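Model, not experiment: these values are computed from the prediction. Within every chain, numbering begins at 1; the chains are lettered A, B, ... in the order of the sequence lines, protein sequences first and strands thereafter. Atoms considered below: every heavy atom in the structure, side chains included; atoms not considered: hydrogens, waters and symmetry mates.
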Amino acid sequence: MSGQSQRLNIVPTVTTLGVVKARLVGATRGHALLKKKSDALTVQFRQILKKIVSTKESMGTIMKSSSFALTEAKYVAGENVKHVVLENVHSASLKVRSRTENVAGVKLPKFEYFTEGETKNDLTGLARGGQQVQACRGAYVKAIEVLVELASLQTSFLTLDDAIKTTNRRVNALENVVKPRLENTISYIKGELDELEREDFFRLKKIQGFKKREIERQLAAAKQFAEEKVVEKVSLQKGISINAAHNLLTTAAKDEDIIF
Amino acid sequence: MYGFEALTFNIHGGYLEAIVRGHRSGLLTAADYNNLCQCETLDDIKMHLSATEYGPYLQNEPSPLHTTTIVEKCTLKLVEDYKHMLCQATEPLATFLEYITYGHMIDNVVLIVTGTLHERDVQELLEKCHPLGMFDSIATLAVAQNMRELYRLVLVDTPLAPYFSECITSEDLDDMNIEIMRNTLYKAYLEDFYKFCQKLGGATAEIMSDLLSFEADRRAVNITINSIGTELTRDDRKKLYSSFGLLYPYGHEELAVCEDIDQVRGVMEKYPPYQSIFAKLSYGESQMLDKAFYEEEVKRLCLAFEQQFHYGVFFAYMRLREQEIRNLMWISECVAQNQKSRVHDSVVFIF
């Protein structure tokens with residue numbers, strides 16, 4: 001990434017300034033919301049993690065006890081009880097359904113199991129071992145419960161992990177890239193606008209000065225003209241030269257004795 | 001003629017009785033079981049077993065060893081012993097030995113029939129059958145679509161034919177639950193075996209009728225307890241009880257109407273031999289009932305060896321081996337699953 005805080009390449013006008021300001025406001029608000037979402041997801045994440053640890057431990061013990069129940073059943077009902085049960089089954093009676101739950105905006109999958117249909121194996125081991133076979137069945141049903149729960153917990157864990165990473169990425173992007181960029185753009189636009197204003201001002205001032213000098217010059221020209229007119233009149237009246245009249249006028253102002 | 005077997009038994013049965021008694025002395029003792037219970041891994045178990053009769057069967061197994069492999073190899077030994085005895089036997093001992101395996105045959109037939117019903121592969125099913133219960137035409141069971149065909153094509157040639165007449169008329173497989181079929185067949189088998197032993201007479205009849213009655217009663221109790229709360233009706237339940245044994249007929253009447261364990265206990269406590277078994281259980285608990293039954297069975301089987309010149313020793317030997325294999329399976333599973341504390345829950349010491 002070249003230049004961490006570049007600015008956008010747009011024309012620095014007042015309208016674009018307004019647009020970029022609005023975007024900055026949006027970015028700030030989005031940043032705050034996403035941060036909240038990330039925090040909520042992290043809380044959920046920690047809870048799920050705790051549950052996973054405890055479920056895994058219980059699964060260890062339950063699987064152990066269910067394998068032992070199987071051994072007891074095999075002891076009493078004979079080694080073949082496994083084959084007898086397996087051959088007698090043609091569709092599963094315990095099935096798993098999945099549905100999605102919405103947690104802080106993230107869709108998490110959840111699994112739950114349900115029993116479908118009666119099992120025909122109620123009478124297995126009728127002559128010997130029936131009790132142990134049913135106990136084994138119960139133990140394995142419990143094991144399936146725990147396994148299904150563990151499966152939903154683990155998938156939620158992975159999905160949440162993903163969601164948290166994405167959200168955090170967005171938060172960081174907003175904080176470190178988008179907002180500085182927008183702020184830089186705003187300051188650039190403002191700078192450009194200020195400069196334009198200064199230029200305008202300078203131009204104005206210059207023109208004003210120009211105009212003032214123009215006016216003074218014109219005033220001076222008009223005065224000169226008026227003076228010359230007077231001199232001409234005097235020279236005409238007195239029959240002297242313009243220069244002499246001119247001198248007369250100019251000195252006359254100093255000589256008090258001469259009265260005309 | 002009871003009492004004069006000593007004169008004539010050894011002519012035909014002497015060699016095999018000696019063989020069976022030799023095998024019996026090779027069964028694992030309490031010391032062996034104690035050693036096995038101390039093992040930490042399955043390799044330790046394999047090492048301990050290599051010093052027993054199971055040695056040659058296990059020594060070629062690569063580690064990591066699996067519990068099912070151990071059980072398989074031990075069963076293999078049992079099958080080999082049995083086959084050796086069978087081919088040396090004359091009538092009627094040969095028929096007697098075959099009778100012992102009909103139970104496994106029934107299990108295999110039921111397994112293949114259910115598997116075929118649900119369209120499983122035949123080869124896979126054959127691998128899952130118990131080796132003692134195999135017979136030649138077993139693979140053709142897979143082609144049958146309903147019971148009529150099954151009977152006509154396959155079963156009529158097997159020794160199980162007479163047992164099927166009780167439960168099959170023109171019903172399709174689906175109508176009757178597989179377990180009910182299995183238990184009906186087993187009931188017919190037990191009754192047939194009982195009659196055969198009675199025909200043999202003498203010490204065999206006496207000892208075998210004791211053992212078979214115990215088996216029948218035990219099945220009746222188990223069926224009652226396991227069918228509490230299921231869809232099995234009382235009449236169906238009654239149909240599955242055998243028509244001999246200590247509980248016949250009054251015990252069966254009472255068992256048929258039992259609705260929970262305590263009622264069963266109440267019924268059984270009227271019969272002294274079973275009173276002691278039920279005294280071991282506390283109220284409302286039935287998990288240990290199976291183990292209690294196994295212990296009682298082992299006691300009776302060991303008593304069968306006390307007498308000579310009868311066929312009961314063969315039956316007792318086969319059953320004791322099966323119990324031993326069960327013990328080995330239990331110990332290996334406990335060791336493999338790290339549940340050493342439960343090892344002594346279910347091991348039944350034979351001596």
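In this structure, the separation between NZ on A:Lys64 and CG on B:Asn338 is 5.0 Å, given to the nearest 0.5 Å. In this structure, CG on B:Leu289 lies 9.0 Å from CD on A:Gln132, to the nearest 0.5 angstrom. Put simply, CD on B:Glu333 and OH on A:Tyr75 are 13.0 Å apart, with the number rounded to the nearest 0.5 Å. Between A:Gln131 atom CD and B:Ile261 atom CD1 the span is 5.0 Å, to the nearest 0.5 Å.
Chosen from B:Leu111, B:Asn226, B:Thr75, the residue pairing most often with chain A at heavy-atom distances under 4.5 Å is B:Asn226. Chain A forms the most heavy-atom pairs under 4.5 Å with one residue out of B:Thr67, B:Ile223, B:Val110, and that residue is B:Ile223.
Atom CD of A:Glu199 is surrounded by more than 12 heavy atoms from other residues, nucleotides or ligands within 6.0 Å. In B:Arg319, the CZ atom is crowded: over 12 heavy atoms of neighbouring residues, nucleotides or ligands sit closer than 6.0 Å. Within 6.0 Å of NZ on A:Lys36 lie no more than 12 heavy atoms contributed by other residues, nucleotides or ligands. Heavy atoms of other residues, nucleotides or ligands lying less than 6.0 angstrom from NZ of B:Lys128 number more than 12. With a 6.0 Å radius and a threshold of 12 heavy atoms from other residues, nucleotides or ligands, A:Lys179 has its NZ atom above the threshold. In the displayed structure, A:Lys110 atom NZ is contacted under 6.0 Å by more than 12 heavy atoms of other residues, nucleotides or ligands.
With a 4.5 angstrom heavy-atom cutoff, B:Glu127 does not touch chain A via any of its atoms. If you measure heavy-atom distances from B:Phe293 to chain A, you find no contacts under 4.5 Å at all.
Counting heavy atoms from C-beta outward, A:Glu72 and B:Arg342 have side chains that approach closer than 4.5 Å.
For A:Tyr113, the side chain to side chain donor-acceptor pair (under 3.5 Å) test picks out A:Glu145, with sequence neighbours left out.
Heavy-atom proximity under 4.5 angstrom to chain A picks out B:Arg326, B:Asn327, B:Met329, B:Trp330 from residues 325-332 of chain B.
A donor-acceptor pair is defined here as one N or O able to donate and one able to accept, closer than 3.5 Å; such a pair exists between the side chain of B:Tyr294 and the backbone of A:Val76.
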